[in-house]
Every structure is written in C-alpha cells, then in structure tokens.
Amino acid sequence: MPRRVDARSCGRTLARSGALIEKTGLAPVRAAALAAEAREWDLFVSLSTASAWALPLAQDLAAALGRRFRIRRERCEALGTGLAEAVGNAVLHGNLGVPSPERRGLDGFAALEEMAGRRAADLRRARLRIEVRARRAMPHRLLVEVADEGSGYVPAVVERPGSGLSLIRAFADSVELLDGGRCIRMCFGI
Amino acid sequence: MDYVIVDEGTEIRVSLNGRLTLADHGGVRRMIGEMMRAVPTRLVLHLAGLEFIDSAGIGMMLIAHEEAGRHGRTLVLREPRGQVLRVLDLARLDKVVCIER
C-alpha cells in the first residue's frame with residue numbers, strides 16, 4: 001500500500017502552501033506534471049485513495065480555504081458540506097467502487113464499512129488518485145473541483161432529499177458533473 | 001464524533017458532540033447498540049453540541065430511528081443547530097423522525 005500522508009502534515013501543508021501532492025507511487029514525470037498544474041490553482045491536492053480515505057481531508061480543505069480567503073462562518077459551513085459530500089463520493093463510490101447499500105439498517109451499514117475497508121487495502125484501488133482543485137473565480141466566488149479515477153457516475157433523475165448530491169446542490173451556487181461523473185465542479189459564494 | 005449516554009429514568013439522553021460523518025460508522029453502531037440495551041423506551045439524541053453532519057450522518061440517524069422502532073422504542077432528535085439543522089431540514093427528516101427544535 002502507498003505510504004500515507006499523515007493527518008498532521010495534511011492540515012499543516014494545506015494551511016501553509018495550498019499544495020499537497022503525495023509523490024509515493026507516482027512516476028517522476030507525472031509528479032512534475034502535477035506540480036506544474038498545482039501552480040495554476042490557489043489550492044491543489046493530489047492524494048492516493050489510501051491517504052484520502054484515512055485523512056479528515058474535507059475538513060482540512062474547508063479550514064485551509066476558510067483561512068486563506070477569510071470566508072465567514074456560514075459560508076464556510078456551506079463549503080465544508082459540499083467538500084465533505086464531494087470528497088466522500090469520490091473516495092467511496094468513485095475510486096473504491098462501493099455501491100450505495102442495497103440493504104438498509106445496521107446490517108447494510110456494516111456491509112458497506114467492511115467492503116470499503118477491504119477495498120481501501122486493495123493496492124489497485126488504493127493507488128488511484130483523488131484530486132481537489134480550488135481557485136478564486138471572482139472576488140466573492142470560489143470554484144472547487146473534486147476528481148476521482150473511478151468508473152464514473154450518472155445522477156438519478158429524481159434525487160433523494162438528503163443524498164450527497166442533493167446537499168451539494170443546496171449548499172453550492174452551481175454544480176456541474178464532468179468527465180462522465182468523475183469530476184464535480186462546484187461554485188460557492190464566499 | 002463522541003457521545004455521552006445518560007439514563008434520565010423516563011428517557012435515555014444521548015448528547016452528541018463534534019462532527020458526524022462517513023468516518024463515524026463504527027462509533028454510531030456501538031452507540032445504537034448501547035441505546036437499545038437501556039430500559040427507558042424514549043430515546044433522545046441531543047444535538048446542540050453537534051457542529052456538522054453529512055449525508056452519511058443523516059443515514060445513521062435514519063438507521064437509529066429504524067432500530068428504535070424494531071426494539072419498541074421511540075427516537076427523538078432534540079435541538080439541532082446551525083449546519084446540522086439546515087441539513088436535517090434539507091433531508092426532510094422531520095417527515096420520518098420527531099425533531100424537537
């Protein structure tokens with residue numbers, strides 16, 4: 001399994017530099033390309049799925065963006081909610097390929113947890129990357145993209161209230177699904 | 001997320017603190033198990049100390065509600081605030097679970 005970025009260094013690095021690229025398991029050429037891409041964004045993260053699964057990534061991202069752009073608390077909560085859902089979907093349903101539980105109740109819950117843990121330990125899936133990119137779009141707008149390398153996603157025609165995507169739509173000003181659902185682009189008022 | 005369970009005699013009050021997210025599966029399973037072993041049949045999740053919830057957390061609330069029903073108990077969500085209140089409203093959880101504001 002790729003070496004994980006630990007939780008302390010994740011929060012610190014994001015607060016300090018705005019770029020976090022986990023180089024373990026990356027070819028030098030790809031690492032250089034990611035470093036070049038990172039310079040085009042205010043915040044750029046590229047992690048293995050193993051690390052993204054183990055870290056409080058969405059929380060650290062929202063805190064780093066909140067501090068950098070001095071986003072007021074209510075808007076930061078909206079951003080944090082969107083990030084939690086988008087990163088959670090990218091890791092769990094995207095790269096780990098865990099479907100939404102068919103069985104409900106405690107048993108369905110336990111089955112989902114067991115499958116996610118097993119797949120996070122599977123080298124092929126653990127190596128897949130999660131990227132988060134953010135850029136101030138206008139004085140009071142923040143563009144955020146979360147991308148995975150999973151098999152894509154087609155949203156339901158009717159979204160269930162309280163589903164991840166429905167919460168993102170409620171908290172973000174605009175939402176687009178790109179690359180067959182492997183990338184979500186969200187815009188937040190800040 | 002952490003929680004404290006207090007047996008009030010007429011009800012079980014469980015105070016939740018911190019963030020309730022995808023990462024809390026195991027903790028919530030344990031919490032539901034402990035709640036169902038208690039004697040009082042009215043189970044109150046006190047949410048004033050909960051700062052953040054995501055869609056997985058909403059799913060956990062629904063499971064707690066279903067488990068309560070299966071064990072002949074009633075679940076109440078009390079005093080959600082801020083982002084938690086907004087997310088419960090967006091999920092229309094009040095159509096399923098009793099919410100005391």
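Letters go in sequence order (proteins before strands), and every chain restarts at 1. Atoms considered below: every heavy atom in the structure, side chains included; atoms not considered: hydrogens, waters and symmetry mates.
Put simply, B:I5 and B:L47 are part of the same group of oily side chains (I, L, V, M, F, W, Y) that touch within less than 4.5 Å, one to the next. Connection of A:L143 to A:I168 is not established within any shared hydrophobic cluster, with ILVMFWY side chains joined at heavy-atom distances below 4.5 Å, either directly or through further cluster members. A single hydrophobic cluster is not seen to contain both B:F52 and A:M186; linkage of ILVMFWY side chains at heavy-atom distances under 4.5 Å, directly or through other members, places them apart. Note on B:V44: it does not cluster hydrophobically with B:M36, by side-chain heavy-atom contacts below 4.5 Å among ILVMFWY residues. In the hydrophobic cluster analysis, where Ile, Leu, Val, Met, Phe, Trp and Tyr join through side-chain heavy atoms closer than 4.5 angstrom, B:M60 is grouped together with B:L45.
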Quick one: donor-acceptor pairs under 3.5 angstrom, chain A versus chain B?
unit_1	atom_1	unit_2	atom_2	d
A:Q59	OE1	B:R19	NE	3.3
A:T81	OG1	B:Q83	NE2	3.0
A:E85	OE1	B:S55	OG	2.6
A:E85	OE2	B:S55	N	2.6
A:E85	OE2	B:S55	OG	3.4
A:R104	NH2	B:E66	OE2	2.9
A:E113	OE1	B:R29	NH1	2.3

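Using a 4.5 Å cut-off between heavy atoms, B:L62 touches chain A through its side chain atoms alone. Only the side chain of B:L22 has a heavy atom closer than 4.5 Å to any heavy atom of chain A. With a threshold of 4.5 angstrom between heavy atoms, A:L106 approaches chain B through its backbone and through its side chain. B:I32 touches chain A through its side chain: at least one heavy atom from C-beta onward sits under 4.5 Å away, while N, CA, C and O do not. Both the backbone and the side chain of A:A110 come within contact range of chain B, with heavy atoms under 4.5 Å apart.
Looking at every heavy atom in both residues, B:I63 comes nearest to A:G105 through CD1-O, 3.7 Å.
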